[in-house]
2 protein chains.
Amino acid sequence: MTPAPASSAKKYPCEKCPLRPLGVFRDFTSAELGFISRFKTGELTIDRGATVLVEGNHSAHLYTALSGWGFRYKLLPDGRRQILNYVVPGDLIGLQGSLTGEMQHSVEALSPMMLCVFEREQLFSLYRNHPGLAYDLTWLAAREEQMLDENLLSVGRRSALERAAYLIAFLHQRARSVQLYGKGKAEIPITQQHVADTLGLSIVHTNKTLRKLIDRKAIRWLDRGCEVLDEETLCGIARWEGLGDQRRPLM
Amino acid sequence: MTPAPASSAKKYPCEKCPLRPLGVFRDFTSAELGFISRFKTGELTIDRGATVLVEGNHSAHLYTALSGWGFRYKLLPDGRRQILNYVVPGDLIGLQGSLTGEMQHSVEALSPMMLCVFEREQLFSLYRNHPGLAYDLTWLAAREEQMLDENLLSVGRRSALERAAYLIAFLHQRARSVQLYGKGKAEIPITQQHVADTLGLSIVHTNKTLRKLIDRKAIRWLDRGCEVLDEETLCGIARWEGLGDQRRPLM
DNA sequence: CGAATATTTGACGCGCATCAAATGTGGTGG
DNA sequence: CCACCACATTTGATGCGCGTCAAATATTCG
């Protein structure tokens with residue numbers, strides 16, 4: 001259930017980070033890079049379906065997604081599941097738990113993932129010695145909050161069709177901004193059950209709602225995945241402006 | 001629409017902060033208190049219904065609630081409203097906007113409020129010179145995220161009755177933890193429209209749902225307000241464990 | 001006292017949940 | 001390589017939860 005301890009061999013040393021040059025991430029000083037490089041104590045590779053963090057646990061690590069897709073969720077005692085947000089490369093995982101002591105949600109991989117592993121203990125040193133990075137951590141927390149705000153608006157006040165359109169457009173934009181698609185087809189590796197648990201709908205109604213988007217040729221549904229065909233239509237249905245494209249920090 | 005500029009007369013200097021001694025807030029060093037005191041450039045008193053911050057604006061200030069109730073919300077273009085969370089004394093307002101540049105939600109007072117006013121510009125100095133306070137800011141952002149996670153779970157996966165019970169228990173616990181009730185009766189100053197916009201329900205159905213809680217003698221409904229009679233029952237209906245009662249920072 | 005805001009209630013219908021079952025589709029072991 | 005199983009998608013039937021419409025009562029405030 002809990003992932004194996006991080007190996008200390010770094011296949012992707014921070015100096016050769018494949019994400020950092022992408023242009024969506026802010027520039028870092030060499031002092032900052034040096035710190036992050038020491039802060040990173042390992043890498044973790046996990047399979048689809050593996051659990052990164054479990055609600056109720058007290059984790060000694062936090063992570064940055066280096067590749068792949070994941071999602072954060074909470075469960076009710078009777079098993080009902082709510083997906084809170086998705087994880088794409090560049091996202092921090094487990095900051096909440098590192099600060100407040102206990103994870104209040106779980107994180108699971110939607111595809112094979114690579115994670116950079118950081119030691120919670122060194123967070124204090126980060127705050128003491130690198131105010132710019134400390135600012136970044138708060139920035140990342142604030143951005144996560146913004147995404148949650150929008151998701152809450154969606155689940156609370158948008159219709160099923162609007163919600164589905166919003167979700168898919170949202171994931172599409174996030175994936176594209178970190179070039180998660182590569183050159184193959186642009187596929188989001190989720191099942192309709194994931195969509196249902198994100199939108200607060202049943203899986204049956206989710207299927208019928210997605211069919212409408214398929215009929216309008218806004219998306220195509222593959223096995224275990226979704227391909228966006230017409231982003232404009234999706235944003236239009238959801239009455240959503242899209243994500244801003246400001247540069248962001250990368251831990 | 002935008003509040004008037006803060007007055008510089010401080011009726012509640014930080015050294016005599018009425019909140020800080022409450023015991024739910026962590027202890028601060030005198031250096032930290034000194035900084036916060038300089039960081040605070042004024043106080044703002046506003047009426048019920050007044051808007052503190054508006055979505056889309058770029059604010060030069062951030063605030064800490066000193067007294068009263070407020071709420072954060074977002075609107076869809078056609079006017080549908082989703083309330084995201086509530087503000088009670090000790091809560092920070094506008095951190096998101098201060099970091100990312102633009103407010104993505106609005107904040108309105110539910111009762112008369114007093115706010116401490118801080119200058120956004122001095123945030124950098126806080127990060128440079130007070131790592132402990134910087135850590136606190138991230139902590140507060142992470143806690144806001146936790147509350148949003150729980151609200152999203154509620155709206156997405158709980159039934160109408162469970163949602164209503166959860167919301168009222170949640171607000172009750174938050175209010176009590178900062179002794180917002182004083183010695184009079186414990187009244188949460190919201191209308192059923194606020195409840196509806198928080199839970200993602202219509203106002204009619206909200207009324208019928210609240211009636212069930214009233215019939216079970218779990219709450220009493222006053223004009224523009226809700227009084228909790230049986231917290232246990234509320235938490236039981238919602239299958240909710242309650243808020244942790246860890247001490248928290250206070251900016 | 002009149003107007004605006006809140007709460008309440010009933011009637012009706014739609015959106016979505018639930019139940020049931022058929023049809024892929026990929027993965028695994030024999 | 002095929003049989004089989006677990007999982008994912010799809011579809012239809014039925015019913016309930018909640019939205020919408022409408023209108024009657026408070027209650028507050030100018």
Side-chain angles (χ1 to χ4, degrees), chain A residues 47-50 71 76 78-83 108-112 154-165 167-168 187-215 219-227 237, chain B residues 47-50 71 76 78-83 108-112 154-165 167-168 187-215 219-227 237:
Chain A
D47 291 334
R48 168 163 76 79
F71 64 96
L76 285 173
D78 62 4
R80 282 174 285 178
R81 179 175 74 172
Q82 177 65 39
I83 294 181
E108 181 179 322
L110 275 172
S111 71
S154 201
V155 174
R157 285 303 185 208
R158 283 194 250 244
S159 71
L161 187 67
E162 291 169 341
R163 279 182 233 185
L167 174 64
I168 293 169
E187 181 177 343
I188 303 168
I190 50 177
T191 68
Q192 296 186 1
Q193 183 69 63
H194 291 118
V195 175
D197 286 349
T198 310
L199 303 184
L201 298 173
S202 73
I203 189 173
V204 173
H205 195 70
T206 297
N207 181 275
K208 289 167 183 169
T209 303
L210 288 173
R211 176 130 311 281
K212 292 180 191 168
L213 293 178
I214 294 167
D215 291 345
I219 63 171
R220 180 155 27 164
W221 202 269
L222 320 165
D223 195 59
R224 299 187 63 84
C226 171
E227 184 184 354
I237 290 172
Chain B
D47 291 335
R48 170 163 75 81
F71 64 97
L76 285 172
D78 63 4
R80 283 174 283 178
R81 179 175 74 171
Q82 177 66 39
I83 294 181
E108 182 179 320
L110 274 172
S111 71
S154 200
V155 175
R157 285 303 183 209
R158 282 195 250 243
S159 71
L161 187 67
E162 291 168 340
R163 279 182 232 183
L167 174 64
I168 293 169
E187 180 176 344
I188 303 168
I190 51 177
T191 67
Q192 297 188 0
Q193 183 69 64
H194 291 119
V195 175
D197 286 350
T198 308
L199 303 184
L201 298 172
S202 73
I203 189 173
V204 173
H205 196 70
T206 297
N207 180 276
K208 289 167 182 169
T209 302
L210 288 173
R211 176 131 310 282
K212 293 179 190 169
L213 294 179
I214 294 167
D215 291 345
I219 63 170
R220 180 154 28 166
W221 202 269
L222 319 166
D223 197 59
R224 297 188 66 82
C226 171
E227 183 183 356
I237 291 173

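It should be emphasised that the depicted structure is a prediction, and the values quoted were computed from it without experimental measurement. Residue numbering restarts at 1 for every chain, and letters A, B, ... go by the order of the sequence lines.
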For atom CZ of Arg211(B) and atom P of dT9(C), their distance in whole Å: 5 Å
5'-most by nearest nucleotide on DNA chain C - Trp221(B) or Arg157(B): Trp221(B)
Per His205(B) side chain, nearest of listed nucleotides dT5(C), dG19(D), dT10(D): dG19(D)
Sugar-phosphate, base or nothing in reach of Gly200(B), heavy atoms under 4.0 Å: sugar-phosphate
Closest heavy-atom pair and its distance - Gly156(B), Val155(A): CA-CG1, 3.7 Å
Below 4.0 Å: OP1/OP2 of dT8(C) and any side-chain N or O of Gln192(B): yes
Nearest-angstrom distance from the residue atom NZ of Lys208(B) to P of dG17(D): 13 Å
Interatomic distance, Leu210(A) CG vs dT10(D) P [rounded to whole Å]: 8 Å
Crowding at CZ, Arg80(B) (>12 non-hydrogen neighbours, <6.0 Å): yes
Nearest to side-chain heavy atoms of Ser202(B), which nucleotide of dT20(D), dT11(D), dT7(C): dT20(D)
Minimum-distance nucleotide to Thr191(B) side chain [options: dG12(D), dT7(C), dG19(D)]: dT7(C)
Side-chain donor-acceptor contact under 3.5 Å, His194(B) with Thr191(B): yes
Whole angstrom value for the distance that separates P of dT8(C) from CD1 of Ile214(B): 6 Å
Between dA6(C) (C1') and Ile203(B) (CD1): distance, integer Å: 7 Å
First encountered from the 5' end of DNA chain C, between Arg158(A) and Asp223(A): Arg158(A)
For the student: nearest non-hydrogen atoms of Arg157(A) and Ala196(B), plus distance: NH2-O, 3.0 Å
First of Thr206(B) and Arg48(B) reached from the 5' end of DNA chain D, by closest nucleotide: Thr206(B)
Interatomic distance, Glu227(B) CD vs dT7(C) C1' [rounded to whole Å]: 17 Å
Atom-pair distance (CG on Leu222(A); P on dA8(D)), nearest Å: 15 Å
Distance, rounded to the nearest Å, where His194(A) contributes NE2 and dT9(D) contributes C1': 14 Å
Residue Asn207(B), side-chain atoms from C-beta onward, closest of dT10(D), dA13(D), dT9(C): dT9(C)
Nearest-0.5 Å distance, OG1 of residue Thr198(A) to CD of residue Gln82(A): 7.0 Å
